[in-house]
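First the structure, in the form of structure tokens, and then the observations on it.
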Amino acid sequence: MKPILSIVIPCYNSESTLEGTLESVLHQDFQDWEAIIVNDGSPDNVETIALTWLEKDERFKYYKKQNGGLGSARNYGISKAKGEFILPLDSDNQVKEDYALKAISVFTEKRNVGVVYGMPNIMESEQVFGK
């Protein structure tokens with residue numbers, strides 16, 4: 001069945017953040033999605049993590065390609081997407097549970113809107129990198 005939302009997640013050296021990103025996708029209030037994980041030739045354990053998530057939920061899809069950079073990986077993922085709407089999500093970002101639901105509501109209620117984006121929460125550098 002064709003999902004409404006395709007979440008495209010390019011990955012490179014993302015093993016420390018990918019789990020949190022995928023967890024935030026899994027817990028979306030809006031459930032009609034597919035998540036496309038694109039391994040952009042990452043030398044770390046991105047593939048192992050991604051394959052574990054494929055076993056957790058069939059809405060997760062995994063593709064591996066030669067390293068070409070963030071834009072190349074994102075475009076590759078978009079080319080595989082089946083959804084009506086695309087949510088580009090970096091592998092070190094997370095979305096709140098209601099993000100997809102609110103975004104899809106805007107698109108369906110206001111057909112003249114072409115882009116929806118959220119306000120980021122910036123973490124303190126100590127939280128991200130430690131001291």
Non-neighbouring partners of [X] that pass side chain to side chain donor-acceptor pair (under 3.5 Å), sequence neighbours left out:
X   : value
D98 : K102
T21 : none
E97 : none
S72 : K65

TODO: Would you mind reporting whether W53 and V25 have side-chain heavy atoms less than 4.5 Å apart?
DONE: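 Result no, sub-4.5 Å side-chain heavy-atom pair not found.
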Task: Check: P10 and D40 side chains under 4.5 Å, non-hydrogen atoms - done: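 In short, these two side chains do not touch, never coming nearer than 4.5 Å.
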- [ ] Using side chain to side chain contact (heavy atoms under 4.5 Å, CB included) as the criterion, list what pairs up with D44, not counting sequence neighbours.
- [x]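 Partners of D44 by the side chain to side chain contact (heavy atoms under 4.5 Å, CB included) criterion, ordered by chain and then number, come out as N13, E15, S42, V46.
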- [ ] Using the test side chain to side chain contact (heavy atoms under 4.5 Å, CB included), find all partners of Q94 that sit at least two apart in sequence or belong to another chain.
- [x]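 For Q94, the residues satisfying side chain to side chain contact (heavy atoms under 4.5 Å, CB included) (neighbours in sequence not counted) are S24.
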Task: side-chain hydrogen bond (donor to acceptor under 3.5 Å, both in side chains) contacts touching residues 26-37 (sequence neighbours left out) - done: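 Those involving residues 26-37 are S6-E34, E23-H27, Q31-R59.
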Could you pull out every donor-acceptor pair under 3.5 Å between side chains of residues 73-86 and any protein atom, sequence neighbours left out?
unit_1, atom_1, unit_2, atom_2, d
R74, NH2, D90, OD1, 2.5
N75, ND2, G71, O, 3.3
S79, OG, Y76, O, 2.6

Answer yes if [X] and [Y] sit in the same cluster of Ile, Leu, Val, Met, Phe, Trp and Tyr residues linked by side chain heavy atoms under 4.5 Å apart, and no otherwise.
X   : Y   : value
L5  : Y62 : yes
I37 : Y63 : no
L70 : L18 : no

How many angstroms lie between [atom1] in [X] and [atom2] in [Y], if you round to the nearest 0.5 Å?
X    : Y   : atom1 : atom2 : value
L22  : C11 : CG    : SG    : 7.0 Å
I104 : I4  : CD1   : CD1   : 6.5 Å
F60  : L51 : CZ    : CG    : 12.5 Å

TODO: Please confirm whether the backbone N or O of Y12 pairs with a side-chain atom of S14, one donor and one acceptor, at under 3.5 Å?
DONE: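 It does hold such a pair.
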Task: Matching residue for I9 among N39, N93, L89 - test: side-chain contact (heavy atoms from CB on, under 4.5 Å) - done: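 With I9 as partner, side-chain contact (heavy atoms from CB on, under 4.5 Å) holds for just one option, L89.
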